[in-house]
There are 2 protein chains.
Amino acid sequence: MTQYKGQEHYLVAVDCIIFGFDGEHLNLLLIKRGFEPKKNKWSLMGGFVQPTEDLDGAAKRILHQLTGLKGVYLEQLKAFGQPKRDPEERTISISYFALIDINQYKEKISDTYAAEWFPLKKYPKLIFDHDKMIELAKGRLRYKASLHPILFELLPEKFTMPQLQNLYEDVYDTSFDKRNFSRKVLSTSLLVKLNDKDMSTSKKGAFYYKLNKKQYTENFHSFLKFIPNPDHLL
Amino acid sequence: MTQYKGQEHYLVAVDCIIFGFDGEHLNLLLIKRGFEPKKNKWSLMGGFVQPTEDLDGAAKRILHQLTGLKGVYLEQLKAFGQPKRDPEERTISISYFALIDINQYKEKISDTYAAEWFPLKKYPKLIFDHDKMIELAKGRLRYKASLHPILFELLPEKFTMPQLQNLYEDVYDTSFDKRNFSRKVLSTSLLVKLNDKDMSTSKKGAFYYKLNKKQYTENFHSFLKFIPNPDHLL
DNA sequence: TCAAAAGTGTTTATTCTACACCCATGG
DNA sequence: CCATGGGTGTAGAATAAACACTTTTGA
């Protein structure tokens, strides 16, 4: 049996796939890499795991460095470990995906990172296996969102039913019947209707809703079947 | 931004949660650790990631070393990276779970490992965070099996409807109506009924079924809603 | 006054659930 | 011949899907 002695050691990194929703489309936050190798190439935000932090801690730190945000939805996606994935030196990368309210992200938190939002449907070539990570994250997001109310993490505190539907429609690249959609969403009693309206997108105005936090946290792991026939959409 | 130079390097290991079904209960294959630290303590089968292999490759190798099996169902579970999880030296462990046909595992493939099956409901204290890994794997198995036909991996080529139902009942620690259960399973057209019967558990005998491989591989990722009201069972 | 987006209800089809009796055979 | 486990069908309930018209108001 293998012993500790003589075993190879590797760099361990964390890479974050950061999703945001601008009201129209799902977007990805990418950075222009500031050092070699692949300097000035587009990349996921990442960094090495430090001696005193655990993996989730590293992911939170890295996310915070780029966005200034804390308390963000963050979930471990998968560990990537192809020997040659980083040509400089073998690095095991633990990928995470994050869902943030795009409005909370103020442009240029710091000048250290040249970050930019890209539509998920059209983002630049990325270094290493970062494209693979993104495709995997996209699949996972679709999968999970078809069963759990995860997409609310992408919206501001107050949002309207049409906004919510747009989000789902963009994620699944399809369209839903608005009567069935709102009935289904409301039947979960996850939402609280507010008295004020968003007047910015129509003359009639659309009522705002907010999450019922209690219901949300308690029922997060229940199966909610948000999406009709999700099979064909994943 | 962090550079490569001066970054800490860590050991990277793979640990395998190996499930088997003996007809009665779900079981775990554990080994008695052959080296320090924690020599002679029960542990998951694991090993360090070698320079030329990727993570899946390491998991396959480790699984093969213990069971002699190849082509086994194997899925990455989660990366564990608490700084002190291994008191000897910081080690990032990528956990995998495997589903094997318990009959394919011939006792004592080699004398190198003292391996033993334990019921999932009552297994010994394990080293490090291996208990956490197992609990996570159990949850993942239940979750996934409620949506996808994953549990067939635990059965032999030929199995009967009562066997299959026993398996599901043990996994979810509940009982199902056999009429509804078989109707639901058969409606997926995942199974092919054979002409011979298993005469070992009843006088009438129970027909064998086998998987329709084509249907199985094509529909594996579809949602199958195998389990009524899975919420309360996960 | 009309164009544009928001909001709402009903009918039909499908799926799920609960439930009980007959069958085949080895002892 | 009977005890044991295997096999099957149906009716009622719940859920999902398809579908169209009315409301509001700023321009």
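Lettering follows sequence order; numbering is per chain, from 1. On a predicted model such as this, the values are computed, not experimentally measured, just so you know.
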### Query
Can you check side-chain contact (heavy atoms from CB on, under 4.5 Å) on B/W42 and B/R33, steps first, answer last?
CA-CA 6 Å; B/W42 290 102; B/R33 208 165 138 98; over 6 Å; no
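Judged by distance alone, with hydrogens and angles left aside, A/R179 brings no side-chain donor or acceptor close enough to the base of C/dG7 to form a pair under 3.5 Å. Between the side chain of A/N180 and the base of D/dA16, no donor-acceptor pair under 3.5 Å is found.
Between A/D177 atom CG and C/dT11 atom P the separation is 17 Å, expressed in whole Å. In this structure, A/K178 places its NZ atom 10 Å from C1' of D/dA20, rounding to the nearest Å. Protein atom CG of A/L186 is 8 Å distant from nucleotide atom P of C/dT8, rounded to whole Å. Atoms CZ (A/F181) and P (D/dA17) sit 13 Å apart, rounded to a whole Å. Remark: C1' of D/dG5 and CZ of B/F207 are 14 Å apart, rounded to the nearest angstrom.
B/S175 and B/E169 form no side-chain donor-acceptor contact under 3.5 Å, judged by distance and modelled atom types alone. Side chains of A/Y208 and A/E157: a donor-acceptor N/O pair is absent below 3.5 angstrom, by distance only. No side-chain donor from either of B/S95 and B/D15 sits under 3.5 Å from a side-chain acceptor of the other.
Nucleotides of DNA chain C nearest to A/R183 and A/A206 differ in position, and the one nearer the 5' end is that of A/A206.
Proximity of residues 157-170 of chain A to DNA chain C (heavy atom under 4.0 angstrom from any strand atom) is restricted to A/P162.
Classification of the B/F152-B/Y168 ring pair by plane angle, with boundaries at 30° and 60°, yields perpendicular. Between A/F223 and A/H148, the two ring planes are tilted [angle within 30° to 60°]. Using cut-offs of 30° and 60° for the angle between ring planes, the B/Y105 and B/W117 rings count as perpendicular.
If you take CZ on B/F128 and CG on B/L44, they are separated by 11.0 Å, rounding to the nearest 0.5 Å.
When side chains are defined from C-beta on, A/H25 does not count as touching A/L120, because their heavy atoms never get closer than 4.5 Å.
Heavy atoms of B/T201 sit under 4.0 angstrom from primed sugar atoms or phosphate atoms, though from no base atom.
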What does the list of N/O pairs under 3.5 Å between the protein and nucleotides 25-27 of chain C look like, with a distance for each?
unit_1, atom_1, unit_2, atom_2, d
C/dT25, O4', B/K203, O, 3.3

